[in-house]
Enquirer: 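Can you read through this structure? Questions will come right after.
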Amino acid sequence: RQEVLFTLHIANIGTAPSGPNRTNFLVEGKSSGYQDVPSLAPGGTTEIIYPWYAEPGQFLMTARVDADNQVQESNENNNEMSVTFNMPLPDVIVQHIYQNPVDYSTGDTVSLIAEIKNQGVGTADKSQVAFYINDTLLTTKVCPALAPGAAANITATWVAQDGSNTLKVIADYYHVLTESNENNNEATCQLGTVPPDLTVSKLSWTPTTIGAGDTVNINVTVTNQGAGRAGPSRAICQIGLASPQLFNIPPIDAGKSYT
């Protein structure tokens, strides 16, 4: 809402003084308020200022002098004037979506940054911005009021998931704004983690010389030669026809190994 000041010039064009009276103001035919008008000598004028808090859109403002018929006049049919008032509308859009860091691995905390811009000609009041991951609501964040042409960066955080994920950002999520275009509040982009690449880089055993019945320790080194961090995994070790053994492998950062 924005305060608008209406200035009304009132003149007594009759030949006799007018007594005090009241001027009513109506918006779309409904009473909005009033101002008291003092007595006026013949040919006298006065000015009154009426403040009104306007919502965006188009409105018909009517001023009606001597609304209660307190003054006996030579012409009772010229006490009203109307004007159509246009309150400029905002238009908020998701102009850009950024992510920080640009490259990340599964489990990393990523900042999702949406640049919300008001490309309309009216001021946009405070609103909410929603962040969705794969059509599931992640969070909502407050967007401050935006003057025409202004923009704000709104940030949410996300713990990166495997594979490709779709991020959708919705401006004015709760539809509190009246906009010149209500169909351009969304934007989407794809989010993808940097994949790892696990390989068995070394296999050794002790003792190196073994005989039947000896206890042998098998050492397996797993290396992540990819660019992204590998999450927890498992390795299988099998010797001959013996039953395979499973080993839990903890997360391995890019370029690191685990034995």
Side-chain angles (χ1 to χ4, degrees), residues 93-116 127-143 152-174 184-259:
I93 61 170
V94 183
Q95 179 152 274
H96 298 293
I97 301 176
Y98 310 94
Q99 55 202 48
N100 183 31
V102 175
D103 295 324
Y104 48 86
S105 301
T106 301
D108 286 347
T109 298
V110 182
S111 294
L112 307 175
I113 306 164
E115 182 183 353
I116 308 299
S127 59
Q128 294 276 336
V129 178
F131 292 78
Y132 278 80
I133 298 291
N134 300 328
D135 292 325
T136 298
L137 180 63
L138 175 66
T139 187
T140 60
K141 297 291 183 178
V142 175
C143 178
N153 286 337
I154 311 301
T155 302
T157 57
W158 170 63
V159 177
Q161 304 168 10
D162 286 335
S164 179
N165 299 276
T166 301
L167 167 64
K168 178 169 66 176
V169 180
I170 305 175
D172 188 26
Y173 182 57
Y174 293 111
N184 60 352
N185 289 352
E186 296 186 13
T188 60
C189 72
Q190 293 301 120
L191 304 174
T193 56
V194 178
D197 183 13
L198 296 180
T199 184
V200 178
S201 58
K202 185 178 180 181
L203 180 63
S204 61
W205 56 91
T206 55
T208 55
T209 302
I210 58 177
D214 289 347
T215 298
V216 181
N217 294 314
I218 307 296
N219 299 307
V220 179
T221 300
V222 178
T223 298
N224 180 6
Q225 61 184 12
R229 185 177 65 250
S233 60
R234 282 186 170 186
I236 297 177
C237 183
Q238 184 175 18
I239 300 175
L241 299 178
S243 299
Q245 297 185 53
L246 292 176
F247 299 92
N248 292 321
I249 307 295
I252 304 176
D253 289 330
K256 300 297 183 179
S257 298
Y258 175 80
T259 300

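Hydrogens, waters and symmetry mates are skipped; everything else that's a heavy atom, side chains included, is used.
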Enquirer: Where is the tightest heavy-atom contact between Thr223 and Ser257, given as atom of each residue plus distance?
Expert: OG1-OG, 2.6 Å
Enquirer: Less than 4.5 Å apart, side chain to side chain, heavy atoms only: is that true for Thr155 and Asn100?
Expert: no
Enquirer: Got Phe131 and Lys168 here, is their nearest side-chain heavy-atom distance under 4.5 Å?
Expert: no
Enquirer: Please find the pair of heavy atoms, one from Tyr258 and one from Asn248, that lie closest to each other, and give the distance.
Expert: CE2-O, 4.2 Å
Enquirer: My understanding is that only residues two or more places apart in sequence, or in another chain, count here; which of them pass side-chain hydrogen bond (donor to acceptor under 3.5 Å, both in side chains) with Ser243?
Expert: none
Enquirer: For side-chain contact (heavy atoms from CB on, under 4.5 Å), just list the numbers for Gln99 and Tyr104, CA-CA rounded to whole Å, side-chain angles, deciding distance to a tenth of an Å, and then say yes or no.
Expert: CA-CA 10 Å; Gln99 55 202 48; Tyr104 48 86; 3.4 Å; yes
Enquirer: Does the side chain of Leu138 come within less than 4.5 Å of Tyr132's, by heavy atoms?
Expert: no
Enquirer: Taking all heavy atoms of Cys143 and all of Val129, pick out the closest pair and write down the distance.
Expert: CB-CG2, 3.8 Å
Enquirer: Taking all non-hydrogen atoms of both residues, which atom of Ala160 and which atom of Ser105 are closest, and how far apart?
Expert: CB-O, 3.5 Å
Enquirer: Just so I know, are the side chains of Val220 and Val222 near enough to count as touching, which here means a heavy-atom distance under 4.5 Å?
Expert: yes
Enquirer: Side chains of Asn219 and Thr259: do they bring a donor and an acceptor to under 3.5 Å?
Expert: no
Enquirer: Are the side chain of Asp108 and the backbone N or O of Val110 linked by a donor-acceptor pair below 3.5 Å?
Expert: no
Enquirer: Sequence neighbours excluded, which residues qualify as side chain to side chain contact (heavy atoms under 4.5 Å, CB included) partners of Glu115?
Expert: Gln95, His96, Tyr98, Ala151, Asn153
Enquirer: Answer whether the closest heavy-atom distance between the side chains of Phe247 and Cys237 falls below 4.5 Å.
Expert: yes
Enquirer: Is a side-chain N or O of Asn224 found less than 3.5 angstrom from the main chain of Ile252, in a donor-acceptor match?
Expert: yes
Enquirer: So for atom CG, which belongs to Leu246, do other residues, nucleotides or ligands contribute more than 12 heavy atoms lying within a distance under 6.0 Å?
Expert: yes
Enquirer: Could you list all the side chain to side chain donor-acceptor pair (under 3.5 Å) pairs where at least one residue sits in residues 134-143, not counting sequence neighbours?
Expert: Asn134-Asn165
Enquirer: Are side-chain heavy atoms of Tyr173 and Ser127 found at a separation under 4.5 Å?
Expert: no
Enquirer: Under 3.5 Å, side chain of Asn185 to main-chain N/O of Ile170, donor-acceptor pair present?
Expert: no
Enquirer: Check whether the side chains of Thr199 and Gln225 place a donor and an acceptor atom closer than 3.5 Å, and report yes or no.
Expert: no
Enquirer: Start with the C-alpha gap between Val94 and Ile116, add the side-chain angles, then the distance that decides, and say whether side-chain contact (heavy atoms from CB on, under 4.5 Å) holds.
Expert: CA-CA 5 Å; Val94 183; Ile116 308 299; 3.9 Å; yes
Enquirer: Taking C-beta and beyond as the side chain, do Gln128 and Val142 meet within less than 4.5 Å on heavy atoms?
Expert: yes
Enquirer: Only one of Ile133, Ile97, Thr166 clears side-chain contact (heavy atoms from CB on, under 4.5 Å) with Leu191; which?
Expert: Ile133
Enquirer: Less than 4.5 Å apart, side chain to side chain, heavy atoms only: is that true for Ser233 and Leu198?
Expert: yes
Enquirer: Decide yes or no on side-chain contact (heavy atoms from CB on, under 4.5 Å) for Ile239 and Ile218, but give the supporting numbers first.
Expert: CA-CA 10 Å; Ile239 300 175; Ile218 307 296; 4.0 Å; yes
